[in-house]
Amino acid sequence: MRTVEITADALDAANRIVPADTPVMMINLLRYRDQADYGDRTDVTPCSGREAYRRYADVALKCVEKVGARVFWSGSVLGSVLCPDGERWDDALLVDIPSFACSPQAFVDPEYQAVAFHRTAALEDSRLIATTR
């Protein structure tokens with residue numbers, strides 16, 4: 001199942017599990033589309049999925065930093081050691097978040113909302129996994 005949109009329902013479900021004051025390291029797994037899928041939008045220059053994600057990340061990173069979070073580490077996935085057949089990821093990110101309560105603040109920021117469509121267009125699939133730090 002394709003999971004790329006960060007929805008209010010997903011955040012609500014996570015908030016029921018992770019206490020608000022808990023510092024977290026968010027694992028991001030990203031698989032890009034070869035060509036970004038902007039659907040019927042005509043106001044966006046066509047590009048690769050990776051480039052569409054850069055369009056998103058340039059702004060999203062600033063929103064994340066506004067709430068005190070930071071990208072701790074990022075890198076390209078070389079290969080999987082143990083995962084289901086056919087599962088692959090292009091990039092992985094670790095985002096250090098001072099408290100889980102900060103996460104929703106970044107996602108509702110109007111600047112973030114203005115570019116979130118690039119993330120959806122860019123990704124074939126993704127995972128966001130909250131872990132202890």
Side-chain angles (χ1 to χ4, degrees):
M1 181 171 105
R2 182 174 183 253
T3 53
V4 298
E5 292 186 40
I6 301 167
T7 65
D9 288 344
L11 291 172
D12 289 344
N15 283 326
R16 287 191 295 275
I17 297 167
V18 181
D21 62 345
T22 303
V24 297
M25 189 68 73
M26 189 72 74
I27 300 170
N28 294 253
L29 298 175
L30 308 171
R31 182 178 328 127
Y32 304 110
R33 295 172 180 271
D34 290 333
Q35 186 69 28
D37 182 1
Y38 285 106
D40 295 335
R41 290 186 76 123
T42 58
D43 61 331
V44 182
T45 303
C47 63
S48 69
R50 187 176 291 275
E51 176 58 31
Y53 194 84
R54 272 193 210 105
R55 293 173 182 177
Y56 157 81
D58 287 347
V59 174
L61 180 58
K62 293 173 189 163
C63 297
V64 165
E65 290 171 344
K66 277 193 234 178
V67 300
R70 68 185 177 94
V71 174
F72 176 77
W73 172 87
S74 67
S76 295
V77 174
L78 298 175
S80 297
V81 176
L82 184 63
C83 68
D85 287 342
E87 183 177 282
R88 68 169 182 77
W89 301 103
D90 296 315
D91 286 341
L93 301 161
L94 297 178
V95 179
D96 186 19
I97 304 171
S99 76
F100 194 68
C102 294
S103 294
Q105 294 171 23
F107 300 135
V108 298
D109 184 307
E111 286 184 81
Y112 178 90
Q113 289 295 315
V115 297
F117 72 97
H118 288 297
R119 184 180 194 283
T120 302
L123 296 174
E124 183 179 316
D125 205 358
S126 68
R127 300 290 183 271
L128 293 176
I129 304 163
T131 69
T132 57
R133 67 170 167 124

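Not measured: the values here are computed from a predicted model.
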### Gap between atom CG of Asp34 and atom CD of Glu124 - 0.5 Å precision
7.5 Å
### Task
Given salt bridge (Lys or Arg N to Asp or Glu O under 4.0 Å), test Glu65 with Lys62 step by step and report yes or no.
CA-CA 5 Å; Glu65 290 171 344; Lys62 293 173 189 163; over 6 Å; no
### Query
Taking it one step at a time, do Arg119 and Tyr112 satisfy side-chain contact (heavy atoms from CB on, under 4.5 Å)?
CA-CA 10 Å; Arg119 184 180 194 283; Tyr112 178 90; 4.1 Å; yes
### More than 12 heavy atoms of other groups within 6.0 Å of Lys66 NZ
yes
### Task
Enter the distance from Asp96:CG to Arg70:CZ here, rounded to the nearest 0.5 Å.
5.0 Å
### Summary
Shortest non-hydrogen pair, Ala122 vs Ala52, comes out as CB-CB, 3.6 Å
### Summary
Between Val18 and Ala130 the two heavy atoms that sit nearest each other are CG2-CB, 4.5 Å
### Message
Test of understanding: with salt bridge (charged side-chain N to carboxylate O under 4.0 Å, His left out), list the residues that count as partners of Asp43, not counting sequence neighbours.
### Response
Arg41
### Residue from Tyr38, Tyr32, Tyr53 passing ring-ring contact (aromatic ring centres under 6.0 Å, His included) with His118
Tyr38
### Query
Between Arg127 (side chain) and Ile27 (backbone), is there a donor-acceptor pair under 3.5 Å?
no
### Query
Would Val24 end up clustered with Trp73 when hydrophobic side chains under 4.5 Å apart are linked, directly or stepwise?
no
### Query
Distance-only, no hydrogens or angles: does the Ser80 side chain make a donor-acceptor pair with backbone N or O of Arg88 under 3.5 Å?
no
### Message
Is there a side-chain contact between Arg55 and Thr45 in this structure, where contact means two heavy atoms from C-beta onward sitting under 4.5 Å apart?
### Response
yes
### Query
In terms of heavy-atom contacts, does CG of Asp12 have more than 12 from other residues, nucleotides or ligands at under 6.0 Å?
yes
### Query
Looking at CD of Gln113 and SG of Cys63, how far apart are the two atoms once the value is rounded to the nearest 0.5 Å?
9.0 Å
### Message
Would you compute the distance between atom CD1 of Ile97 and atom OG1 of Thr131 and round it to the nearest 0.5 angstrom?
### Response
9.0 Å
### Task
Consider only side-chain heavy atoms of I, L, V, M, F, W and Y, link residues closer than 4.5 Å, and tell whether Val67 and Leu128 are in one cluster.
no
#### Entry: Derivation and outcome, salt bridge (Lys or Arg N to Asp or Glu O under 4.0 Å), residues Asp91 and Arg50
CA-CA 10 Å; Asp91 286 341; Arg50 187 176 291 275; 2.9 Å; yes
### Query
Can you find a pair of side-chain heavy atoms, one from Tyr56 and one from Thr120, that are under 4.5 Å apart?
no
### Donor-acceptor contact below 3.5 Å, side chain Gln35 vs main chain Gly49
no
### Message
Side chains of Asp109 and Gln105, heavy atoms from C-beta outward: is any pair under 4.5 Å?
### Response
no
### Task
To the nearest 0.5 angstrom, please state how far the CZ atom of Phe72 sits from the CG atom of Leu93.
12.5 Å
### Summary
Tested for side-chain contact (heavy atoms from CB on, under 4.5 Å) against Ser126, the lone hit among Leu29, Asp90, Leu30, Asn28 is Leu30
### Message
Side-chain heavy atoms nearer than 4.5 Å, only ILVMFWY residues, links allowed to pass through others: does that put Ile17 and Ile129 together?
### Response
no
#### Entry: Distance in Å, Leu94 CG paired with Met25 CE, rounded so as to fall on 0.5 Å steps
6.0 Å
